[in-house]
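Structure, as structure tokens:
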Number of protein chains: 2
Amino acid sequence: MKISAQEEYGLRCLVQLAALPEGGSLTLPQIAELEGISTANAGKLMWLLNKAGFVHSTRGTKGGYSLERPAEDIRLSEIIKVLDEDVLGKHCGSYTGVRDSCVHNGDCGIRPVIIGLHALVENALSQITLAQLVGSERSVDAMFNRVHSIHRTVEPQGV
Amino acid sequence: MKISAQEEYGLRCLVQLAALPEGGSLTLPQIAELEGISTANAGKLMWLLNKAGFVHSTRGTKGGYSLERPAEDIRLSEIIKVLDEDVLGKHCGSYTGVRDSCVHNGDCGIRPVIIGLHALVENALSQITLAQLVGSERSVDAMFNRVHSIHRTVEPQGV
DNA sequence: CGCAATCTTGACGAAAAAATAATGATTTGA
DNA sequence: TCAAATCATTATTTTTTCGTCAAGATTGCG
């Protein structure tokens, strides 16, 4: 249960754009440099984000990428959904909601756990905007503390 | 951000044992059959769970696996931690908490999000026991509804 | 126009994860 | 004691994911 490389870096690239002054843009080599990844890799990520309508790209000299929508309106849940290889539901109906796709016919004890977990994560991510990730981290911390309110006893380690 | 195959199936195997009458046991072929996976695969999973102390195994004819600890005492967070290929923190200090391992020196906008997300998931999983996964799903649903209490607007889809 | 900077896109190769195979060790019971 | 059943452990293969490459398309500028 962890964020994938594609999810993480795609998100990071968007954050770089969001951190720019109003209307600013970055080229692929610039983004790659800022994130410590290859230009080719950045290109693929930005292509996905472009297709999904998060960024606007202009070709040619003086080209680059800029945010298509205001950072305040972009929720992390949307971003993750686009970057995730959403080939979910291959080995069990737990993911897709389609029954009859595994030996349990989608009816087993852990099904509600998996679905609940996904909903939990999506819910948390839907409450964070790209704008909140720029500069100050305080609002994000505050958000997680609220969601955690029931018990906050566990250390943030690998899950 | 999804549960891995190893996590899911390992959890499923444990649920099968927990569903047994007091003191019951299952062999590898039986577990494999129940979960629709190969015996070899089940063997690997059970080996991990055995090493971690969740199950007890006996070899030879009449051998098999049984729960080592009461299902009421086993929290999902423990299980996931064992089944996760916890080779986290390979591409960014976000996971390990070790700084200086990426271009951001572990100090970037998305770091609190990743850490917060892991904590959120771990917190949720720590509130569910293996026993709750057997038979009735109601307690699990109730738990997630509580955690969701802030907003429950999102459909449980792929995240 | 023609070159250089830039994004686009599909194909390819490397790395990680998962599944399988293979071999070995232990126990039971005839 | 020997054979069958069963778990233990490591190695190999397969699949999936990730990253790179290369050829193409578009734009700006001299």
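Model, not experiment: these values are computed from the prediction. A, B, ... follow the sequence lines: proteins, then strands. Residue 1 opens every chain.
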Review point. Judged by atom type as modelled, is there a donor-acceptor pair below 3.5 Å linking the side chain of A/Glu72 to the main-chain atoms of A/Ala131?
Key: no

Review point. Do any N or O atoms from the side chain of A/Glu78 and from the backbone of A/Ile74 form a donor-acceptor pair under 3.5 angstrom?
Key: no

Review point. Sub-3.5 Å donor-acceptor pair from the side chain of B/Glu35 to the main-chain atoms of B/Ala32, do we have one?
Key: no

Point to revise | Rounded distance in Å - NZ (A/Lys44) to C1' (D/dC18) | key: 6 Å

Exercise for review: Please determine, for the side chain of A/Thr61, which listed nucleotide (C/dC7, C/dA19, C/dA5) has the closest atom?
Suggested key: C/dA5

Exercise for review: May I have the distance from A/Gln6 (atom CD) to C/dA15 (atom P), rounded to whole angstrom?
Suggested key: 18 Å

Study note, to complete from the structure: Note: for A/Leu28 and B/Thr58 on DNA chain C, the residue whose nearest nucleotide lies more 5' is A/Leu28

Review point. Which one, D/dG19, D/dT6, C/dT20, comes nearest to the side chain of A/Asn41?
Key: D/dG19

**Study point:** Whole-Å gap separating P (D/dT14) and CD1 (B/Ile37)
**Key:** 20 Å

Review point. Roughly how many Å is it from OH in B/Tyr9 to P in C/dA17, rounded to a whole number?
Key: 18 Å

Point to revise | Euclidean distance, atom NZ of residue B/Lys62 to atom P of C/dA30 [Å, nearest integer] | key: 10 Å

**Study point:** d(CD1, B/Ile31; P, C/dA19) in whole Å
**Key:** 16 Å

Review point. Any side-chain N or O of B/Ser57 under 4.0 Å from OP1/OP2 of D/dA8?
Key: yes

Review point. For the pair made of CG in B/Asn50 and C1' in C/dA25, what is the distance, rounded to whole Å?
Key: 14 Å

**Study point:** Gap between atoms CG and C1', on A/Leu26 and C/dT6 respectively (whole Å)
**Key:** 13 Å

**Study point:** Of A/Trp47 and A/Gly63, the one whose closest DNA chain C nucleotide lies more 5'
**Key:** A/Gly63

Revision key, fill the gap. Picking from C/dC7, D/dC7, C/dA21, the nucleotide nearest the side-chain atoms of B/Ala40 would be C/dA21

Review point. A/Gly64 near the nucleic acid: base, sugar-phosphate alone, or nothing, with a heavy-atom cut-off under 4.0 Å?
Key: sugar-phosphate

Point to revise | A/Glu7 (side chain) donor-acceptor with A/Ser4 (main chain) under 3.5 angstrom | key: yes

Practice item. Say whether, by atom type as modelled, one donor and one acceptor occur between the side chain of A/Glu8 and the main chain of A/Ala5 under 3.5 angstrom. Key: no

Review point. Where the side chain of A/Pro29 is concerned, which of C/dC7, D/dC7, D/dC18 is the nearest nucleotide?
Key: C/dC7

Practice item. Tell me which of A/Gly60 and B/Lys51 sits closer to the 5' end of DNA chain D, going by the nucleotide each one is nearest to. Key: B/Lys51

